[in-house]
Amino acid sequence: MNIPVKNDKLRAWIREVADLCQPDDIYVCNGSQEEYTSMIMKLTETGIAIPLKKRRNSYLFRSDPSDVARVEDRTYISTPSRDDAGPTNHWIAPGELKKIMTGLYRGCMKGRTMYVIPFSMGPVGSPISKIGVEISDSPYVVVNMHIMTRVSTGVMEMLDGGADFIPCLHSIGAPLEQGQKDSSWPCAPLEKKYISHFPEENLIWSYGSGYGGNALLGKKCLALRIASAMARREGWMAEHMLILRLTSPEGKQYHIAAAFPSACGKTNLAMMQPSLPGWKCECIGDDIAWMKAGPDGRLHAINPENGFFGVAPGTSYKTNPMAMDTLKENVIFTNCALTDDGDIWWEGMDGDEPSHAIDWKGRDWTPQSTGEAAHPNARFTAPASQCPVICGDWEKPEGVPIDIFIFGGRRSTVVPLVYEAFNWEHGVFLGATAASETTAANIGAVGNLRRDPFAMTPFCGYHMGDYFQHWLDMGDRLGDRSPRIFYVNWFRKSDEGKFLWPGFSENSRVLKWMCERVDGRARAQETPIGLLPAKGALDMTGLYISADDMEELMRVDRQSWTEEIPDMEQHFSRFGDRLPVRLSRQLEEFKKRLK
Ligand code: TSX
Ligand code: MN
């Protein structure tokens, strides 16, 4: 077979994979409009993609009911030494895992086309960007990669010129026998699914799933798990963070990167529009930040992605109007409901629910039906460039200088609205102990406290203790040019169970205080947990919250914080002797401040 590829490593890899997987055809993608359109047309003809009358060039896909989310129990960090993967990752020895998966890959693309997808994570040619090549037998993956990454002939030209790349092998694990009828979402059963990472050779192997983070390998697999391991080796950072630019009425720009566990509204904050007059907020990214020290000694961030792969249910004009306006055309929807007039729908959308729809499993649905119309993890895939508040500099190759890091979680009690870390090391302690209460979006019981350090638990490609140390090292390197670190909780409730803070656009008041702290203009009061806004320091103009509610929102109760300590100690004990001494000292100092 003639493969139009000049890069020797890539040619050899394509040959090797084709020999193993035995596809009927090989197609090398160029990322063009025509390619996207022709693939979508084929998917439409076979009934796999459902065109939406109400949204131009937009399509609905329905996954197999067993293939609806990332499979963390089947996700592996395969380092030669088990200890190097750490306590938060699943591990199988590279030799053993490759043997198992090679067996699965043998002949797995029979009856299918093998697509070769060259892509850039980050603007093509940026010094912070990386090239990947995904080989996949899923046309759904190809069209999603077109939106979520930069697939282009420019990338192939760089590869032809000898550029290095990260190989990402993907198969849905469903070969077709001669004459066998295909299903609309072929995949393998759970026990044959493997999402594998070999960080010491920058390699990704995924088998058996066609969904999201299991299959679009540029995102969680490359841009977080593999990139985090590369970043540690190379002295930069790959973080599970949104990036936004806030501009003050005076025109001063502040760049903020924020990490939250799932179900805290990260995409909503990334596109938030300030309620404070004169303040402007622009989106740079909603999920991942790659950051490197620039020539100015400051930390510069890029969004390695090209689109948003967001959770649809709960997204509305009330919670995120800018996302809703991003979704008007050129969107792929997965596992949303289909309305009778040819539009999508999901729980939490504005307005009345439809009196009839087709649910995510393809069955008739009415408000009287027992289950949801859209799957709770239903997704939209949309180009970032379509976001009305995408920042003009979002593709700047050198990135934007980060002033502020925010960590946070969902806590109905104990944790106040906002506080600032005393210093970088204390900020790393806040990130390392970040916790969130589980919601219906998590598996297991609702309302349990779960530690999710830096929101990286499922995404760190190496030992979490070493990751904490890398954060400390970055602070040492950046010195007085380090971003300031804050912790927020939008979700504190009153005794009556009412949210104390209105959230959403009103969060701009909290962000404004952070900016003023950076400029040395806002007052803070010292407490055992950190620096809280002094009385009157939060701009509350035009927002009424009773003095009692405000007091409760900001309250730091020594007793309840003391009750958190055993859980923090247990959490830290997981990391054994790889827990940096500076963090155990932070915990000891915290205990002393609480006395
Ligand atoms: O995304 C959220 N943010 C950040 C927004 C920029 N959510 C949604 C979380 C689920 C993904 C929030 N929910 C936020 C928030 O700041 N705050 C809350 C809690 C809340 C919910 C509703 C109201 C007030 C607070 N008020 C009314 O419904 C009227
Ligand atoms: Mn994410």
Side-chain angles (χ1 to χ4, degrees), residues 69-70 72 148 212-214 216 218-225 227-228 238-244 246 256-276 279 281 283 285-289 303-305 307-324 346-350 376-379 381 389 406 408-412 415 417-418 436-442 446 452 454-460 488-494 496-511 543-545 549 553:
R70 286 187 297 104
E72 288 183 17
M148 290 307 297
N214 300 330
L216 311 176
K219 192 178 177 69
K220 302 304 190 182
C221 298
L222 193 164
L224 285 174
R225 297 193 193 97
S228 64
E239 300 298 330
H240 191 203
M241 288 179 167
L242 67 88
I243 312 167
L244 64 82
L246 198 59
I256 300 180
F260 299 98
S262 57
C264 288
K266 199 157 117 226
T267 301
N268 298 344
L269 187 64
M271 301 179 189
M272 182 267 282
Q273 292 307 288
S275 60
L276 285 174
W279 286 77
C281 192
C283 176
D286 82 325
D287 198 36
I288 303 176
N303 169 13
E305 301 193 277
F308 306 118
F309 183 69
V311 175
T315 306
S316 70
Y317 276 96
K318 269 203 220 79
T319 60
N320 194 340
M322 296 303 116
M324 293 303 281
W346 51 70
E347 280 71 14
M349 223 185 226
D350 314 81
N377 194 36
R379 297 281 169 154
T381 318
V389 292
I406 307 178
R410 176 187 277 267
R411 296 295 301 269
S412 50
V415 181
L417 176 64
V418 59
S436 207
E437 282 159 18
T438 53
T439 68
N442 304 98
V446 171
D452 184 2
F454 299 83
M456 281 290 276
T457 314
F459 306 119
C460 187
V488 302
N489 173 29
W490 316 131
F491 302 94
R492 199 170 192 173
K493 287 180 175 175
S494 66
E496 299 82 53
K498 183 176 106 332
F499 284 116
L500 289 161
W501 180 250
F504 303 96
S505 294
E506 305 297 357
N507 292 337
S508 57
R509 300 168 192 277
V510 175
L511 303 188
L543 173 65
Y544 176 75
I545 295 183
D549 278 1
L553 185 62

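Order of appearance sets the numbers: ligands from 1, and atoms from 1 within every ligand.
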How far is [atom] from the closest protein heavy atom, and which atom is that?
{"atom": "atom 2 (C) of ligand 1", "value": "F504 CE2, 3.5 Å"}
{"atom": "atom 25 (C) of ligand 1", "value": "W501 O, 3.5 Å"}
{"atom": "atom 10 (C) of ligand 1", "value": "R410 NH2, 3.6 Å"}

[X] to ligand 1, any heavy atom closer than 4.0 Å:
{"X": "P502", "answer": "yes"}
{"X": "N507", "answer": "yes"}
{"X": "E506", "answer": "no"}

Got [X] and [Y] here, is their nearest side-chain heavy-atom distance under 4.5 Å?
{"X": "L224", "Y": "M456", "value": "yes"}
{"X": "R411", "Y": "R492", "value": "no"}
{"X": "S275", "Y": "R509", "value": "yes"}
{"X": "M241", "Y": "I288", "value": "no"}

* To do: Supply the atom-to-atom distance M148 CE to F309 CZ, rounded to the nearest 0.5 angstrom.
  =>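 The CE atom of M148 sits 7.5 Å away from the CZ atom of F309.
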
Which distance, rounded to the nearest 0.5 Å, do you find between the CG of L244 and the CG of L269?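 Atom-to-atom, L244:CG and L269:CG are 6.0 Å apart.
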
#### Entry: Distance-only N or O hit between ligand 1 and G503, under 3.5 Å
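No: no nitrogen or oxygen of G503 is under 3.5 Å from one in ligand 1.
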
**Item:** ligand 1 to N268 polar contact by distance, N or O atoms, under 3.5 Å
**Value:**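 Checking ligand 1 against N268, an N or O pair does fall under 3.5 Å apart.
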
From the Mn ion (ligand 2), how many protein N/O/S atoms are found at a distance short of 2.8 Å?
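Those protein atoms number 3 in total.
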
For the residue pair W490 and F260, categorise the inter-ring angle as parallel (less than 30°), tilted (30 to 60°) or perpendicular (more than 60°).
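W490 vs F260 ring planes: tilted.
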
Open item on the list: Nearest non-hydrogen contact with atom 18 (C) of ligand 1 belongs to which option: F499, F260, F491?
Closed with: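 Going through F499, F260, F491 one by one, F491 has the nearest heavy atom to atom 18 (C) of ligand 1.
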
Go through C264 and S436 one step at a time and tell me if the side chain to side chain contact (heavy atoms under 4.5 Å, CB included) criterion holds. CA-CA 9 Å; C264 288; S436 207; 3.7 Å; yes

inquiry  = Assess, by modelled atom type and distance only, whether the side chains of T315 and N320 contain a donor and an acceptor separated by less than 3.5 Å.
reply    =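 Absent: no donor and acceptor within the cut-off.
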
* Verify the contact flag for atom 29 (C) of ligand 1, where contact means a protein heavy atom under 4.0 Å away. =>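 Within 4.0 Å: no protein heavy atom nearby.
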
Self-check item: Heavy-atom protein contact below 4.0 Å for atom 8 (C) of ligand 1
Solution: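 Within 4.0 Å of atom 8 (C) of ligand 1, protein heavy atoms are found.
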
* How does K498 reach ligand 1, by side chain, by backbone, by both or by neither, if only non-hydrogen atoms under 4.0 Å count? ->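 Neither part.
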
inquiry  = Between W279 (side chain only) and P274 (backbone N and O only), is there a donor and an acceptor less than 3.5 Å apart?
reply    =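 It does not hold such a pair.
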
Derivation of the side chain to side chain contact (heavy atoms under 4.5 Å, CB included) call for L242 and T267:
CA-CA 7 Å; L242 67 88; T267 301; over 6 Å; no

Result of checking N489, I545, D549 against W501 for side-chain contact (heavy atoms from CB on, under 4.5 Å)
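With W501 as partner, N489, I545, D549 yield a single side-chain contact (heavy atoms from CB on, under 4.5 Å), made by I545.
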
